[in-house]
Structure formats: structure tokens, C-alpha cells
Amino acid sequence: MAFSFRLQATSGRARAGRLETPHGSVETPIFMPVGTAGAVKGLTPRDLTEVGAQIVLANTYHLLLRPGDALVAELGGLHGFTGWQGPFLTDSGGYQVFSLSSLRRLTEEGAFFRSHLDGAAHTLSPERSMEVQMNLGADIAMAMDECPPYPAPHSAVEAATARTTRWARRSQAAQRRSDQALFGIVQGGVFLDLRERSARELVELGFPGYAVGGLSVGEPKQDLHRVLDHLDPILPPDKPRYLMGVGTPQDLLEGVARGVDMFDCVLPTRNARNGQLFTRRGKISIRNARYRTDPQPPDPDCSCYTCRTVSRAYLRHLHLAREITAATLMTLHNLAYYLDTLRLVRQSILLGRFEEFRGEMLRSLAVSAAEGL
Ligand SMILES: [Zn+2]
């Protein structure tokens with residue numbers, strides 16, 4: 001089945017839609033758990049289903065280094081290899097090359113780098129990234145982009161943005177799989193003129209979806225919001241928009257309010273492993289001594305497996321004892337919280353009352369933060 005997107009309702013600029021992919025449909029706005037090396041750390045595919053995940057992100061950089069994309073292809077692509085039968089999205093690998101590897105050289109051809117695992121030399125070009133992503137077989141692939149550092153001068157960001165368009169064209173030309181949708185990535189840093197140019201050039205090339213990259217890299221929140229505000233009327237309304245690597249529950253609400261449909265972030269999963277839980281009453285750190293004898297579930301308003309089954313006291317004990325079950329239980333809860341939040345956001349959009357929902361939720365998160373729970 002081909003890839004398609006249907007916009008179902010809007011409330012203000014917030015959008016509710018439905019993505020169809022070869023491995024099932026995705027109701028947007030959606031949060032995509034990050035399965036770096038082909039697994040969301042601590043969880044099984046059964047857990048992902050239980051928690052309500054609809055689409056999972058896997059990292060091209062990690063998988064191309066280990067176990068290698070050819071092996072994954074031989075074993076049936078990510079779906080055959082991992083057992084997760086729902087939709088997958090893979091990134092291009094470029095971002096991790098810039099952030100994790102020892103980057104040797106960046107040219108128009110691509111990135112020449114050494115693996116952070118064994119120092120082996122690799123090349124990642126737009127063509128190689130597409131080859132790897134076609135081997136991995138995700139439902140959605142991303143065009144390789146150049147993400148400039150923050151802060152960077154206008155001229156440097158302009159050059160990276162122009163290259164991103166050239167690489168997007170090369171990625172399109174290298175695409176061979178008709179069962180895989182390729183998204184372009186808008187770059188341009190915090191400069192609205194460059195963001196606009198990048199978006200217009202990509203729209204001209206024509207992609208089934210558009211991502212906004214290079215944000216949440218240290219810039220002030222107002223810049224993130226300004227960029228999204230500016231891009232909203234430029235990006236085609238009938239195509240999904242994906243804000244990469246963002247963010248907190250508040251960021252998700254602010255993104256949806258500015259027309260974003262898809263999000264991913266390591267925050268709920270990474271924080272869970274560090275003992276931090278997101279709840280409807282704000283964040284809690286399970287290490288805190290106040291939870292030593294606390295019989296309450298992590299989030300009394302949550303119906304996830306973890307909150308139905310265990311207490312804060314037990315989670316605190318498991319976490320301090322470094323039991324791996326602690327990571328599993330807390331990851332389950334944090335993902336349930338993110339996914340439930342966006343499910344409620346979606347309902348509020350379908351009912352035409354997103355602004356009220358957003359206001360109520362932001363107020364309750366702010367009150368909780370002030371109260372320290
Ligand atoms: Zn829960």
C-alpha cells in the first residue's frame with residue numbers, strides 16, 4: 001500500500017490527521033519513540049504495542065555501523081529483524097555523524113568519518129544514506145541534510161542550507177523503493193529568510209512529507225516558535241510535518257499549536273533510565289528520599305501498566321538497586337504519558353477545542369513545577 005496523509009481536522013493551526021503506511025496507519029499528532037539500535041532501550045515490541053506506540057524511529061548511523069545494513073536487509077529489513085510490525089521511520093544518519101563520530105571531512109560529496117565504536121573509516125553521502133535506509137526498509141526515510149552548529153553566522157548557515165537542498169535532490173534521485181516515503185528536511189538555523197528559502201526549495205522538489213531540522217540545539221525557545229510560526233503557511237497543508245528531536249511535553253503542545261504533526265525525542269526514554277518520570281503533575285525524580293515509603297503509583301492519573309502495577313517506593317528501590325526492571329517500568333510509563341498526552345491533544349483538535357486544552361495543560365504543568373511535584 002502506498003503512503004498517504006489525510007488532514008482530518010484543524011483547531012486554530014493545530015492539525016489532526018492520518019498517515020497511511022505499508023505497515024499500518026498513524027494518527028497524528030504523534031510522538032515516535034526512539035529505537036536507536038533497533039530497540040527502544042528496555043522495551044520489547046510487545047511493550048511498544050501495550051504502551052500504544054504507532055510508529056518507531058530507528059537510527060541509521062547506529063545500524064549501519066552495527067550490525068550493518070546488509071545484515072538487516074538479509075533478515076527481512078527492520079520489520080523482519082526486530083519483530084516490530086508497525087511503521088518505522090529512519091533518520092539519514094547525518095546528524096549522528098556530526099555529533100558522535102570523529103568527523104574527518106565534510107565535502108559536497110558527503111561526510112567522511114570514523115566510527116565511534118572501532119575507528120573504522122566510513123563515508124556517508126546522500127546516496128549511501130538512501131542505500132542504507134532502503135536496506136533497513138523503514139516506511140519513512142529522511143533525506144540527508146547538513147545541520148549547522150548553533151550558534152553559527154548567517155553565511156555559514158546559508159551555505160549549509162543550500163547544500164541541504166542539493167543533497168535532498170540527490171536523495172530523491174537515489175530512491176528506488178516505492179514502498180518507502182522520503183521526507184525532505186528544512187534547515188536554516190534561526191534565520192527566517194533561510195528557513196523560508198529552504199522550505200520553498202524543498203516544496204518545489206516535492207516530497208510526501210517535510211521535517212524541520214536543526215532546532216532544539218541550544219537556541220532560545222522563542223526562536224523555535226518563530227521558525228515554526230514562519231514555516232506554517234509555507235509548508236503544504238496536505239503533507240505531514242515532522243519536528244525533529246523535540247522535546248518536552250510543553251514543546252509538544254507548542255509545536256502542535258504551530259502546525260506540527262510528528263515528533264521524536266530521546267527525553268522520555270533517556271530520562272526514564274535516569275529515574276525521572278513525567279507525570280500529569282510535573283516531573284518527579286524517583287531517587288528522591290520522599291518516595292522511600294510512598295505507596296502511590298508513579299502517576300495516580302495514569303492507566304499504564306507501570307502505574308496499575310507498582311508503587312513509587314518499589315520503583316525507587318529498583319532504581320537505586322540498579323535493577324534493569326526499573327528502566328523498563330519507567331520507560332513504559334514515560335512513553336505512555338507522551339503518547340496519551342498527544343492522544344488527548346488529538347481529541348481536543350477533533351472537538352475544535354485545542355486552545356482550551358493547551359491552556360489547561362500548560363497551567364497545570366506550571367502549577368506543578370511551582371509546587372515541586
Ligand atoms: Zn503510568
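The basis for the numbers below is simple: all heavy atoms, side chains too, and nothing from hydrogens, waters or symmetry mates. Both counts, for ligands and for their atoms, begin at 1 and track the order of listing.
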Taking only residues two or more places apart in sequence or in another chain, which ones pass side-chain contact (heavy atoms from CB on, under 4.5 Å) with Pro237? Arg15
With the Zn ion (ligand 1) as the centre, enumerate protein N/O/S atoms below 2.8 Å in chain and residue order. Cys302 SG, Cys304 SG, Cys307 SG, His333 ND1
Could you check Leu57, Ile30, Leu243 and say which one makes a side-chain contact (heavy atoms from CB on, under 4.5 Å) with Phe263? Leu243
Find out whether Val34 and Val40 are in side-chain contact, i.e. whether some heavy atom of one side chain is under 4.5 Å from a heavy atom of the other. no
Taking NZ, NE, NH1 and NH2 as the nitrogens, is one of them in Arg316 or Asp294 under 4.0 Å from a carboxylate oxygen of the other? no
Looking only at heavy atoms, what is the nearest atom pair of Leu335 and Phe31, with distance? CD2-CE2, 3.9 Å
For residues Met142 and Gln133, report the shortest heavy-atom separation together with the two atoms involved. O-NE2, 2.8 Å
